[in-house]
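Below: one structure, written as structure tokens.
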Amino acid sequence: MSHVRRPSAVLPRPNWGWQDAAACRNEEVILFFGPDGERQPEREIRERKAKAVCASCPVRLDCLNYALSRPEKYGAWGGLNEDERATERRRRMRRVSAA
Ligand code: SF4
């Protein structure tokens, strides 16, 4: 019996190798995602701390590109929060459309 390859409906498995060099490797996940019910002032403080970790991260661009290529709705990735990633996603789409 022959084996027929069917196109996969799932997204390709990401390469997580870049995470080995992540500056956040030993940080608490809650620093990047925040607790349920977090209020805005606490959120701003937490995000500032998370972004400070991202600022020195050697794989920041890999992380950001990964988050932008996926429906990552929550958390700080690549030094950007949810709203900032949405803005960056739109900026990149405009750039591609204009090319
Ligand atoms: S950019 Fe930030 S969230 Fe992404 S791997 Fe680096 S430290 Fe972690």
Side-chain angles (χ1 to χ4, degrees):
M1 186 163 100
S2 67
H3 182 78
V4 178
R5 285 191 83 184
R6 294 196 174 102
S8 173
V10 295
L11 292 170
R13 207 159 170 233
N15 176 357
W16 291 97
W18 53 268
Q19 288 200 331
D20 293 343
C24 60
R25 248 188 5 234
N26 299 318
E27 298 286 344
E28 296 287 337
V29 172
I30 204 163
L31 176 63
F32 292 84
F33 290 90
D36 287 340
E38 183 179 41
R39 294 184 328 182
Q40 192 61 27
E42 288 80 19
R43 179 187 172 112
E44 288 173 10
I45 293 167
R46 178 186 56 73
E47 284 187 348
R48 221 177 358 255
K49 290 178 182 173
K51 288 177 180 182
V53 176
C54 295
S56 65
C57 181
V59 293
R60 191 187 70 76
L61 198 55
D62 295 297
C63 176
L64 179 60
N65 287 337
Y66 168 79
L68 292 175
S69 71
R70 302 246 150 191
E72 291 292 349
K73 284 188 178 174
Y74 305 104
W77 293 76
L80 301 183
N81 67 20
E82 295 92 335
D83 293 341
E84 293 163 340
R85 281 199 312 283
T87 300
E88 176 63 13
R89 199 174 278 121
R90 285 191 298 273
R91 189 185 70 78
R92 289 186 182 193
M93 287 174 75
R94 275 196 305 272
R95 198 172 57 195
V96 168
S97 297

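Numbering of ligands and ligand atoms starts at 1, following listing order. All heavy atoms count here, side chains included; hydrogens, waters and symmetry mates do not.
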Would you check if the side chain of [X] reaches a backbone N or O of [Y] as a donor-acceptor pair within less than 3.5 Å?
X: Arg60; Y: Cys54; answer: no
X: Arg46; Y: Glu38; answer: no
X: Glu82; Y: Ala76; answer: no
X: Glu84; Y: Asn81; answer: yes

- Message: Under 3.5 Å, is there a donor on one side chain and an acceptor on the other for Arg92 and Asn65?
- Response: yes

- Query: Within a radius below 2.8 Å of atom 4 (Fe) of ligand 1, how many protein N, O or S atoms are present?
  - Reply: 1

- Task: Could you check whether the rings of Tyr66 and Trp77 sit parallel, tilted or perpendicular, using 30° and 60° as the cut-offs?
- Result: tilted

